[in-house]
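A quick note: this is a predicted structure, and the numbers were derived from the prediction, not measured. Here, residue 1 is the first one in the sequence, and each next residue gets the next number. Scope of the values below: all heavy atoms of this structure, side chains included, with no hydrogens, waters or symmetry mates.
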Amino acid sequence: MKFSILSKGDQKSNEIRAKIKEYLTEFKLEYNEDEPDLAISVGGDGTLLEAFHTYVHRLDQTAFIGVHTGHLGFYADWMPEELEKLIIEIARTPFQVVEYPLLEVIIEPNSEEQEDRYLALNECTIKTSEGSVVLDIDIKGDHFETFRGDGLCVSTPSGSTAYNKALGGAILHPSLEAIQIAEMASINNRVFRTIGSPLILPSHHTCLLKPLNDRSFLFTIDHISRTYKDVKSIQCRVADERVRFARFRPFPFWRRVHDSFVSDEYARE
């Protein structure tokens, strides 16, 4: 099996990275940064997002696993004190794969330039520094509403626990093939009106966002930021691709939610 390791870059993470690489190489596994079967993230959730986008072009061939060296992250499977056990599991045990849905974002310009396509593991946000974001929102080809406000957050089920949750969105189990749209400070008065609630769209529904004024938009795709001008439309839907996580032991989604937001100890009946 071929593996790669991405580190957060701090001393602790780099030391763990070196130890994992040394031991797995001794177990005759091949270190390969270009075509890994397993990408190991050492750091936090941000490091795992970086690993995802590093290998976004080979999601059907690369699985991901995270070792967290700071506070417990939502994508955490293993902690530093479990490193020896993890190394043995990777070296000797075929891993099971858990797949999560992803968000596809296509940004189409008004000009003849080619559209840009992105995949997000957590979310895409749309904001502007030039007043309010004003967008027509079409769902499955029909006009739904005109949004005015600070911006929108479109998230995956696994990303529903991130920025989406801070905006009051629902937490979705990643077995659901869906995306969620959450508003950022929408303008609601006698003249302007939005639904005012997060929207959950199934995989066969596409959301098309069409700017109504000439603005430059700041997009974030997970941890990546891009500025676009002269935008014709932004299409959001559940992607055909899926992310694959390596599992060497059960780690139920609701246990992750509980451990991340409620308590350090998972309450079992």
Side-chain angles (χ1 to χ4, degrees), residues 45 49 74 101-110 115-174 176-239 257 260-261:
D45 284 349
L49 289 173
F74 187 78
L102 298 170
L103 167 66
E104 176 191 74
V105 180
I106 297 176
I107 303 173
E108 182 180 358
N110 278 309
E115 63 188 21
D116 287 339
R117 180 179 185 265
Y118 297 96
L119 293 178
L121 175 57
N122 270 2
E123 75 275 305
C124 167
T125 67
I126 306 159
K127 303 177 183 178
T128 182
S129 61
E130 303 173 11
S132 296
V133 172
V134 184
L135 301 166
D136 266 345
I137 300 179
D138 293 356
I139 298 177
K140 205 178 178 184
D142 294 326
H143 181 262
F144 179 76
E145 69 176 13
T146 299
F147 172 85
R148 291 173 175 84
D150 286 355
L152 292 174
C153 173
V154 187
S155 66
T156 66
S158 54
S160 68
T161 59
Y163 196 3
N164 169 77
K165 181 178 180 295
L167 294 170
I171 295 178
L172 302 185
H173 193 281
L176 299 174
E177 294 276 348
I179 59 173
Q180 184 168 183
I181 305 170
E183 300 178 353
M184 303 177 195
S186 60
I187 298 173
N188 283 286
N189 51 40
R190 290 184 299 174
V191 179
F192 305 125
R193 179 65 55 187
T194 67
I195 192 68
S197 297
L199 301 174
I200 299 171
L201 306 185
S203 58
H204 62 289
H205 286 193
T206 297
C207 175
L208 190 66
L209 310 175
K210 297 181 290 187
L212 294 183
N213 48 22
D214 186 15
R215 294 280 191 274
S216 63
F217 291 94
L218 174 63
F219 291 84
T220 64
I221 310 292
D222 294 332
H223 65 301
I224 301 169
S225 296
R226 296 284 187 272
T227 299
Y228 281 84
K229 297 181 179 180
D230 197 30
V231 176
K232 180 179 180 180
S233 65
I234 306 112
Q235 178 179 291
C236 302
R237 60 181 289 270
V238 176
V257 174
S260 296
F261 300 115

| message | Could you tell me if the side chain of Leu119 sits less than 4.5 Å from the side chain of Glu104, heavy atoms only? | response | yes
| said: So for atom CG, which belongs to Asn189, do other residues, nucleotides or ligands contribute more than 12 heavy atoms lying within a distance under 6.0 Å? | reply: yes
| query | Going from OG1 on Thr220 to CD1 on Ile126, what distance comes out if it is rounded to the nearest 0.5 angstrom? | reply | 9.0 Å
| task | Could you tell me whether a side-chain N or O of Glu183 sits under 3.5 Å from a main-chain N or O of Gly196, the two making a donor and an acceptor? | result | yes
| query | Has Lys165 got its NZ or CZ under 6.0 Å from the middle of the six-membered ring of Phe74, at an angle within 45 degrees of the ring axis? | reply | no
| remark: Smallest heavy-atom separation, Leu172 atom then Gln180 atom, equals CG-NE2, 3.7 Å
| query | Where is the tightest heavy-atom contact between Arg117 and Ile106, given as atom of each residue plus distance? | reply | CG-CG1, 4.1 Å
| Which atoms form the tightest heavy-atom contact between Pro101 and Glu177, and what is the distance? | CB-OE1, 3.8 Å
| remark: For Tyr163, the ring-ring contact (aromatic ring centres under 6.0 Å, His included) test, sequence neighbours excluded, returns none
| field | Stepwise side-chain contact (heavy atoms from CB on, under 4.5 Å) check, Tyr118 with Asp222 | value | CA-CA 10 Å; Tyr118 297 96; Asp222 294 332; over 6 Å; no
| query | Are any non-hydrogen side-chain atoms of Arg215 and Val133 less than 4.5 angstrom apart? | reply | no
| remark: Interatomic distance, CD@Glu123 vs CD1@Ile179, rounded to 0.5 Å, equals 13.0 Å
| request: Please test Glu130 against Asn213 for side-chain contact (heavy atoms from CB on, under 4.5 Å), starting from the C-alpha separation and ending with a verdict. | output: CA-CA 10 Å; Glu130 303 173 11; Asn213 48 22; over 6 Å; no
| query | Please walk me through it: do Phe217 and Ile234 pass side-chain contact (heavy atoms from CB on, under 4.5 Å)? | reply | CA-CA 11 Å; Phe217 291 94; Ile234 306 112; 5.7 Å; no
| Note, Leu152 side chain near Ile137 side chain (heavy atom, < 4.5 Å) | yes
| task | Over all heavy atoms of both residues, which pair between Ser160 and Ala170 is shortest? Give the atoms and the distance, please. | result | CB-O, 3.4 Å
| task | Could you tell me whether a side-chain N or O of Asn164 sits under 3.5 Å from a main-chain N or O of Cys153, the two making a donor and an acceptor? | result | no
| message | What verdict does the side-chain contact (heavy atoms from CB on, under 4.5 Å) test give for Met184 and Thr125, after you've listed the backbone C-alpha separation in whole Å, the side-chain angles of each residue and the deciding distance to 0.1 Å? | response | CA-CA 10 Å; Met184 303 177 195; Thr125 67; 3.8 Å; yes
| field | Reported CZ-to-OG1 distance for the pair Phe219 and Thr227, which is rounded to 0.5 angstrom | value | 9.5 Å
| What is the distance from atom SG of Cys207 to atom CG of Leu201, rounded to the nearest 0.5 Å? | 6.0 Å
| request: Measure across Val231 and Asn110 and return the closest heavy-atom pair with its distance rounded to 0.1 Å. | output: O-ND2, 3.6 Å
| note | Gly131 and Thr128 have their tightest heavy-atom pair at O-CG2, 3.4 Å
| note | Value for OG1 (Thr156) from CG (Leu176), rounded to nearest 0.5 Å, stands at 11.5 Å
| About how many Å separate CG of Asp138 and NE2 of His143, when rounded to the nearest 0.5 Å? | 6.0 Å
